[in-house]
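In what follows, a structure is listed as structure tokens, so that the remarks can point back to it.
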Amino acid sequence: MNFDISTHNQTGFQSTEQPSVLRLLSYNIQAAIGTSQFHHYVTRSWRHVLPDWRGLQRLDRIGHVLAHYDLVCLQEVDGGSLRSGFVNQVAYLAELGRFEYWYQQLNRNFGRLGQFSNGVLSRFVPYEIEDHKLPGLKGRGAIVAKYGNDKHTLVLVGLHLALSERARFRQLDYVRELIEHYEHVVVMGDMNCRSEQIIDTPLRDTHLKQVSGDHHTYPSWNPTRNIDHILVSPSLKINHVKVLDYDYSDHRPIAMEVALPDTLADALAEQSLLRSTSPN
């Protein structure tokens, strides 16, 4: 499904500088409910339904982390229900971090009891945004944002994959078809599988590359599993990647800085300049 960007969610902050690098971040924030030990899955399970007065405080701390990045993909974000104090967490974090653009993908709608979502925060306004429901049981989705122009396009895919290996295979086959014709691609999110498992999925048939080494993100209090990933095309030179030492969720955020080819950097700058000079 495509959306008209001219009428979608924006914060009003404009950036027209030519980017030479992009700072990427993927973070499963678990709706800022604050699980920091395994027993909290039981003792704090009520926070999945009812608001906690510290929730907004934790969300503020998460927002300060996100503010240092250019493109952010969020998983397990609440779109504004009882458990979040009816705060749309994607919009709140965008405002806090002064992101120019945000998008919320609602995947499980439980009305006032839960608005289970993915989100994208961006310093740039995409020229196209797509909302995809992934194969398998309801509740898994991917956001596809396209930046630059038709000739020099950066494609960002933010997703949250299923727990089942069979379902993940189908979902990544779907993603492979979405990105197969593009040169500059970033895929990031909670993939619920380790790096060595990704090799055995349809993504092996793409040009995407993983970083070497283990970057464990789960559980946040003692990370032993690398299930949150950022994959990029060879055209985007990886400067560095790291897992950030924060325990505001049961996952830690994973961050990457990539250098852009000149043609893509020019396209992003030109798109931002056109937006800044166009009438509202």
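Here, residue 1 is the first one in the sequence, and each next residue gets the next number. Computed from a predicted model, the values in this text were never measured in an experiment.
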All pairs passing salt bridge (Lys or Arg N to Asp or Glu O under 4.0 Å) where residues 66-75 contributes a residue, at least two apart: R23-D70
So, taking the atom named CG in L156 and the one named CZ in F124, what distance separates them when rounded to the nearest 0.5 Å? 12.0 Å
For R176, check salt bridge (charged side-chain N to carboxylate O under 4.0 Å, His left out) against everything at least two apart and list the hits. D173, E180
Could you work out the complete set of other residues in the hydrophobic cluster of I199, with links drawn between I, L, V, M, F, W and Y side chains under 4.5 Å apart? none
Donor-acceptor side-chain pairing of N28 and E76 below 3.5 angstrom: yes
N118 side chain vs G141 backbone, donor-acceptor pair below 3.5 Å: yes
Give a yes-or-no answer on whether the side chains of D266 and T263 include a donor-acceptor pair shorter than 3.5 Å. no
What residues join V187 in its hydrophobic cluster, counting side-chain heavy atom gaps under 4.5 Å, either direct or through other members? L134, V144, V155, V157, L159, L161, L172, Y174, V175, L178, I179, Y182, V185, M191, I198, L203, L208, L231
Members other than L163 in its cluster, when Ile, Leu, Val, Met, Phe, Trp, Tyr link by side-chain heavy atoms under 4.5 Å? none
Which pairs count as salt bridge (Lys or Arg N to Asp or Glu O under 4.0 Å) when at least one residue sits in residues 133-142, sequence neighbours excluded? D131-K133
Not counting sequence neighbours, list each pair that qualifies as a ring-ring contact (aromatic ring centres under 6.0 Å, His included) and has a residue in residues 224-253. Y218-H251, Y246-Y248
Is L260 reachable from V21 through a run of I, L, V, M, F, W or Y residues, each pair having side-chain heavy atoms under 4.5 Å apart? no
Would you find a donor on one side and an acceptor on the other, under 3.5 Å apart, between the side chain of D78 and the backbone of S81? yes
Once salt bridge (Lys or Arg N to Asp or Glu O under 4.0 Å) is applied, what residue pairs with a partner in residues 236-246 remain, sequence neighbours excluded? D245-R252
side-chain contact (heavy atoms from CB on, under 4.5 Å) partners of H215, counting only residues at least two apart: V211, V241, V243, I254
Between D214 (side chain only) and H216 (backbone N and O only), is there a donor and an acceptor less than 3.5 Å apart? no
Are the side chain of Q89 and the backbone of A31 linked by a donor-acceptor contact shorter than 3.5 Å? yes
List the residues meeting side chain to side chain donor-acceptor pair (under 3.5 Å) with T217, not counting sequence neighbours, and say none if there are none. D228
Minimum-distance pair of heavy atoms, taken over all atoms of S117 and G79: OG-N, 4.0 Å
Residue list, ring pair (Phe, Tyr, Trp, His ring centres under 6.0 Å) with Y147, at least two apart or on another chain: none
Please collect all side chain to side chain donor-acceptor pair (under 3.5 Å) contacts where either partner lies in residues 196-211, sequence neighbours excluded, each pair once. S195-Q210
So, N88 versus Q104: side-chain donor-acceptor pair below 3.5 Å or not? yes
If you round to the nearest 0.5 Å, how far is CG of L121 from CG of L71? 9.5 Å
